Student: 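Take this structure first; my questions come after.
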Amino acid sequence: MKMSQTGSCYVQLGNVNNIYRKYIAGTYQKLGTKEISIIEHYRYPIRIGSYGDPAAVPFDVWEPIILASSKWTGYSHFWYKCDKRWKKYLMASVQTPSEAKQAQNQGWRTFRIIPPDAPLSNNEVLCRNAEDDRTKCEDCFLCNGSSSKPNIADRVHGLNWKVSNFVKYVNQQ
Ligand code: SF4
C-alpha cells in the first residue's frame, strides 16, 4: 500500500474541495503574469503547492513564481522520478530512514515524518514548529530544497485516527 492510500495526510480537505468546486465552475481566478509581478514586487514568500504534489506541474511553470518570491517551502513525494531541477527548491518527502538515505544519496535534502516516539537520524533536526509551536514555516524556511542545511524530521500530527494509520503504515515498511 502506498502512503497516499493510508488516509493519514494531515491536510484538511474543506478548502481544497472549495477550490476544486470553483475551478470546475470556471470561477477560480487564474494566476498570470500580473499576479507574478505582484509576488515579485512584494517579495511574497510562497509554499510550492498546498495539496497534491508540486512536481506534478512542469518545473518551468513553477520556476518563474518561485524566482519572483523571496522565500519558499516545498515538498515532493515524486523525488525519485521528477525533473531533477526540483532538488533546488523542494525537499524529498520520505517515510523511512532507508528511503531518506536513498534520496540523500541522490542529492536531495529530506523531510521525514516520524512516529511520535521515533528517534531522529544523525543528520536530521526536528522541525522548528515541533520544537516550538510559535515558530511557523513562514518564519523558518528551513524546508527550501538543496543547501548545506540539515535534513528535517517532524513528528506525525493531526487527527488521532490519521496518526494511527501513519504509525501502522511505517511499522509495515
Ligand atoms: S522545519 Fe518545520 S517550521 Fe521550518 S519550514 Fe520546515 S516544516 Fe516549516
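All values reported here derive from a predicted model rather than from experimental measurement. Atoms within each ligand, like the ligands themselves, are counted from 1 in listed order.
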Student: Residues in salt bridge (charged side-chain N to carboxylate O under 4.0 Å, His left out) with Asp139, at least two apart?
Tutor: none
Student: Check whether any side-chain N or O of Asn129 sits under 3.5 Å from a backbone N or O of Thr135 as a donor-acceptor pair, and report yes or no.
Tutor: yes
Student: Tell me whether Glu124 contacts the main-chain N or O of Leu120 through its side chain, where contact means a donor paired with an acceptor under 3.5 Å.
Tutor: no
Student: Can you tell me which portion of Tyr75 lies within the under-4.0 Å heavy-atom range of ligand 1? Options are side chain, backbone, both, or neither.
Tutor: side chain
Student: Have a look around atom 2 (Fe) of ligand 1 and list protein N/O/S atoms under 2.8 Å, or say none.
Tutor: Cys127 SG
Student: Parallel, tilted or perpendicular for Tyr89 and Phe59, by the 30°/60° rule?
Tutor: parallel
Student: Output a table of donor-acceptor pairs, distance under 3.5 Å, between side-chain atoms of residues 20-33 and any protein atom two or more places apart or on a different chain; print 'none' if there are none.
Tutor:
{"unit_1": "Arg21", "atom_1": "NH2", "unit_2": "Asn18", "atom_2": "OD1", "d": "3.2"}
{"unit_1": "Thr27", "atom_1": "OG1", "unit_2": "Lys22", "atom_2": "O", "d": "3.3"}

Student: Any idea which atoms of ligand 1 are less than 4.0 Å away from a heavy-atom of Phe141?
Tutor: 5 (S)
Student: Are side-chain N/O atoms of Glu99 and Tyr80 paired as donor and acceptor at under 3.5 Å?
Tutor: no
Student: Which pairs, with at least one residue in residues 143-159 and sequence neighbours excluded, count as a salt bridge (Lys or Arg N to Asp or Glu O under 4.0 Å)?
Tutor: none
